[in-house]
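Have a look at the structure below, then the notes.
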There are 2 protein chains.
Amino acid sequence: MNIGEVAERSGIPPKTIRYYEDIGLVRPQRSGNGYRAFRETDLHKLAFLGRARALGFSIEDCRNLLNLYEDETRASAQVKAIAEEHLSAIDDKIAQLQDMRETLSHLVEACRGDHRPDCPILKDLSGDLKNIR
Amino acid sequence: MNIGEVAERSGIPPKTIRYYEDIGLVRPQRSGNGYRAFRETDLHKLAFLGRARALGFSIEDCRNLLNLYEDETRASAQVKAIAEEHLSAIDDKIAQLQDMRETLSHLVEACRGDHRPDCPILKDLSGDLKNIR
DNA sequence: TATAGGGCTTCCAGTCACTGGAAGCTCAAG
DNA sequence: CTTGAGCTTCCAGTGACTGGAAGCCCTATA
């Protein structure tokens, strides 16, 4: 398989696949003409990476997950540990975004959004906390 | 004021303040010795930037908000538009993270996390969807 | 057989918002 | 006069790609 077909079947763009090779996540062989020659196992790995990335795992996490996947002697506890850490990072991020959302939505509601310059959003950003709440 | 004092009072590290000058967000004067000389207005601007960044606004948004803040002829509608767009981006991000969270937490729960290699997390990532929902 | 196109290759640069580090100047205290 | 803190600039690295340029390879059609 050439890179185009693999890209299509894995859903990962060619540029990204070349990047994954650069950083050692996949190691396709080469044809006589210099083209990358992917086997089914490469495709499988790339699809694995695509799903892991879609769950928000970092590249380093993906590398470790892939290693565990290929390690028949793994303990599922190792996989679970990675996933739990990531899950708690996601929870942190959600909480942080919800804090922002909370503040910002109050400000947006309080702003009339008309032609006049008065604006509680700017007032808040400027440090004048007398407004809102 | 030198950069250290401004950093302390605004809560923004010196490195970041220099970076903000590089990209034109603040324009402190210079003392005879080459040190940056910040006025109160510069400090005020930096604190504004700190709060806007804490709400997750991009640097470009911050630049626009700062311009509007200094523009007496602004319409609050302009500010509100920026804030609403950002708010909806935040909402999108939260939704995306919650999707990830949902999937991931089910997988984590299903994984026994023991010494054995069987792992529904890896099974899911490898594309075997027979497991879990 | 010439050529046109699409796909493939590499390499370099840019993204976003900083952050770390090195080399070197300035200033105040002891 | 030395020490050390604080300031300066410049360069490089982060994460995970993404865009673009220059050029080779392959196939189909005129």
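Just so we're on the same page: letters track the sequence lines, and every chain starts at 1.
- Side-chain contact annotation: A/Asp71 with A/Thr73, donor-acceptor N/O pair under 3.5 Å present.
- For the pair A/Phe38 and A/Ile3, the tightest heavy-atom approach, listed with the atom from each and the gap, is CE1-CA, 3.7 Å.
- For the pair A/Glu21 CD and C/dC11 P, the computed distance is 12 Å after rounding to whole Å.
- No engagement by B/Ile23 is indicated, since no non-hydrogen atom pair under 4.0 Å with the nucleic acid exists.
- Residue A/Glu109 holds its CD atom at 9.0 Å from CG of B/Leu87, rounded to the nearest 0.5 Å.
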Kindly give the atom pairs (protein nitrogen or oxygen, nucleotide nitrogen or oxygen) under 3.5 Å for nucleotides 13-20 of chain D.
from	atom 1	to	atom 2	distance (Å)
D/dA16	OP1	A/Ile59	N	3.4
D/dA16	OP2	A/Ile59	N	3.4
D/dA16	O3'	A/Arg53	NH2	3.3
D/dC17	OP2	A/Tyr20	OH	2.6
D/dC17	OP2	A/Arg53	NE	2.9
D/dT18	OP2	A/Thr16	OG1	3.2
D/dG19	N7	A/Lys15	NZ	3.1
D/dG19	O6	A/Lys15	NZ	3.0
D/dG20	O6	A/Lys15	NZ	2.2

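- For the residue pair A/Pro117 and B/Glu72, the shortest heavy atom distance occurs at CB-O, 3.6 Å.
- Taking atom CD on A/Glu5 and atom P on C/dG7, their separation rounds to 13 Å, with Å as the unit.
- Residues that satisfy the side-chain contact (heavy atoms from CB on, under 4.5 Å) test with B/Asp118, not counting sequence neighbours, are B/Arg116.
- In this structure, A/Arg36 does not reach the C/dC8 phosphate: none of its side-chain N or O atoms is under 4.0 Å from OP1 or OP2.
- With B/Ile59 as the partner, the side chain to side chain contact (heavy atoms under 4.5 Å, CB included) test is satisfied by one option alone out of B/Leu25, B/Leu49, B/Asn64: B/Leu25.
- Using a distance-only test at 3.5 Å, with no hydrogens or angles considered, a donor-acceptor pair links the side chain of B/Arg51 to the main chain of A/Leu125.
- Less than 4.0 Å separates DNA chain D from no heavy atom of any residue of residues 38-50 of chain A.
- We find that A/Lys45 and A/Asp42 are not joined by a salt bridge, their nearest charged nitrogen and carboxylate oxygen being 4.0 Å or further apart.
- Separating the CG atom of A/Asn2 from the P atom of D/dC26 is a distance of 10 Å, rounded to the nearest angstrom.
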Donor-acceptor list for residues 6-20 of chain B side chains, cut-off 3.5 Å, not counting sequence neighbours:
from	atom 1	to	atom 2	distance (Å)
B/Arg9	NH1	B/Glu5	OE2	3.4
B/Ser10	OG	B/Val6	O	2.7
B/Ser10	OG	B/Ile12	N	3.2

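- Across the helix from C/dT1-D/dA30 to C/dG30-D/dC1, the helix axis at one end is tilted relative to the axis at the other end by 30° (nearest 10 degrees, each axis from five pairs).
- Summarising the geometry, the separation between CD1 on A/Ile17 and P on C/dT10 is reported as 13 Å, rounded to the nearest angstrom.
- Enclosure of atom CD in A/Gln98 by more than 12 non-hydrogen atoms of other residues, nucleotides or ligands within 6.0 angstrom is indicated.
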Grab the N/O contacts between the protein and nucleotides 23-30 of chain C below 3.5 Å, and write none if there aren't any.
from	atom 1	to	atom 2	distance (Å)
C/dC27	OP1	B/Asn33	ND2	3.1

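- Here the side chains of B/Lys80 and A/Cys119 are not in contact, with every heavy-atom distance at 4.5 Å or above.
- Atom P of nucleotide D/dT8 and atom CD1 of B/Ile3 are separated by 5 Å, given to the nearest angstrom.
- A salt bridge does not link A/Arg27 with A/Glu21: every distance from a Lys NZ or Arg NE/NH1/NH2 to an Asp or Glu carboxylate oxygen is 4.0 Å or more.
- Salt bridge B/Arg101/A/Asp91: present, at least one basic N to carboxylate O contact under 4.0 Å.
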